[in-house]
Trainee: 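Dropping a structure here in structure tokens format, bear with me for questions.
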Amino acid sequence: MAKGGRYWLVKTEPDVFSVEDWQASKHQTTYWDGVRNYQARNFIRDDMKIGDRVLVYHSNADPTAIVGIATVVKEAYPDHTAFDAKDPHYDPKSDPDNPRWMMVDMRLDQILKNPLTLAELRDTPGLGQMELLRRGSRLSVQPVSATEWRAIAKLGGFKA
DNA sequence: GCCAACGTTGGC
DNA sequence: GCCAACGTTGGC
């Protein structure tokens, strides 16, 4: 893994694709489709690199929590689900010759034994600046600082 | 370029 | 299920 890699957090709704679903997938690897927000797309397209580490967050869940950690294993390529009229994330404005939406592949490394709930994260000193905790934050792919990553690793009992 | 209307996200 | 916050669309 490249040193100096970046850290990220991605959201998923467990009713749609849970960390358990992910673990059951081949080689614990999946493509991260369905991102339909330009800011998140830009992170995927421009900044996510092989070896970057990723926090996996369950949104619209009970409880909402960081539930796992993952690693980027393939860099940005077109999100083909945008071209599929039957796909829930279909976007007729994404032209296959000039794709609007991108995705990366990620491998799930670990499901946390103790999920870190949103409430718990809010109570953790040093995480005040985290994008996830910002009021009204909706970014589904967001950067995490090295400091935040270390604090969360300590809380979650995984190696930073 | 402004901004109202609309659709979506996501915590609670 | 509610609803606040947000992003996008489209009329002007």
Side-chain angles (χ1 to χ4, degrees), chain A residues 6-25 30-48 52-70 72 75-106 108-145 147-149 151-158:
Chain A
R6 297 184 64 168
Y7 302 103
W8 304 95
L9 179 145
V10 297
K11 298 178 184 174
T12 183
E13 301 190 28
D15 290 349
V16 179
F17 186 75
S18 71
V19 77
E20 289 80 14
D21 296 331
W22 191 347
Q23 189 171 50
S25 55
T30 186
Y31 54 80
W32 206 254
D33 65 309
V35 172
R36 297 291 181 268
N37 166 281
Y38 289 103
Q39 199 180 350
R41 189 277 313 269
N42 292 348
F43 284 134
I44 287 176
R45 187 190 59 192
D46 304 333
D47 299 320
M48 283 186 123
D52 283 2
R53 310 299 306 284
V54 182
L55 299 168
V56 183
Y57 177 81
H58 275 175
S59 62
N60 273 316
D62 188 17
T64 55
I66 294 172
V67 291
I69 52 176
V72 175
E75 293 174 11
Y77 61 106
D79 181 344
H80 59 81
T81 66
F83 311 137
D84 179 359
K86 292 188 296 296
D87 192 278
H89 300 294
Y90 175 57
D91 181 359
K93 282 173 287 193
S94 187
D95 175 1
D97 292 330
N98 183 21
R100 176 178 296 201
W101 305 114
M102 309 289 279
M103 59 190 185
V104 294
D105 289 359
M106 293 189 274
L108 181 70
D109 297 319
Q110 186 181 329
I111 292 180
L112 299 188
K113 286 191 185 68
N114 300 304
L116 305 173
T117 66
L118 192 60
E120 194 174 347
L121 294 169
R122 287 196 195 285
D123 283 344
T124 302
L127 297 183
Q129 297 303 307
M130 249 191 116
E131 170 66 22
L132 182 71
L133 306 184
R134 250 192 51 238
R135 174 180 165 80
S137 170
R138 287 170 39 178
L139 250 191
S140 64
V141 176
Q142 53 182 261
V144 170
S145 76
T147 309
E148 290 159 356
W149 179 272
I152 289 164
K154 196 171 172 187
L155 268 183
F158 62 89

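All values derive from a computational prediction rather than experimental measurement. The chains referred to below are lettered A, B, ... by the order of the sequence lines, with proteins before strands, and numbering in each begins at 1.
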Trainee: Can you tell me how far CH2 of A:Trp101 sits from OG1 of A:Thr81, rounded to the nearest 0.5 angstrom?
Mentor: 11.0 Å

Trainee: Name the residue closer to the 5' end of DNA chain C, choosing between A:Lys93 and A:Arg134 according to the nucleotide with the nearest heavy atom.
Mentor: A:Arg134

Trainee: Go through A:Phe158 and A:Trp149 one step at a time and tell me if the ring-ring contact (aromatic ring centres under 6.0 Å, His included) criterion holds.
Mentor: CA-CA 10 Å; A:Phe158 62 89; A:Trp149 179 272; 5.6 Å; yes

Trainee: Going 5' to 3' along DNA chain B, which nucleotides are the first and last within contact of chain A (any atom under 4.0 Å from a heavy atom)?
Mentor: B:dG7 to B:dC12

Trainee: Would a distance-only check, ignoring hydrogens and angles, find a side-chain to backbone donor-acceptor pair under 3.5 Å from A:Arg6 to A:Pro143?
Mentor: no

Trainee: Keeping A:Thr30 on the side-chain end and A:Trp22 on the backbone end, is there a donor-acceptor pair under 3.5 Å?
Mentor: no

Trainee: Between A:Arg138 and A:Arg100, who's closer to the 5' end of DNA chain C by nearest nucleotide?
Mentor: A:Arg138

Trainee: Who pairs with A:Ser137 by side-chain hydrogen bond (donor to acceptor under 3.5 Å, both in side chains), at least two apart in sequence or on another chain?
Mentor: A:Glu131

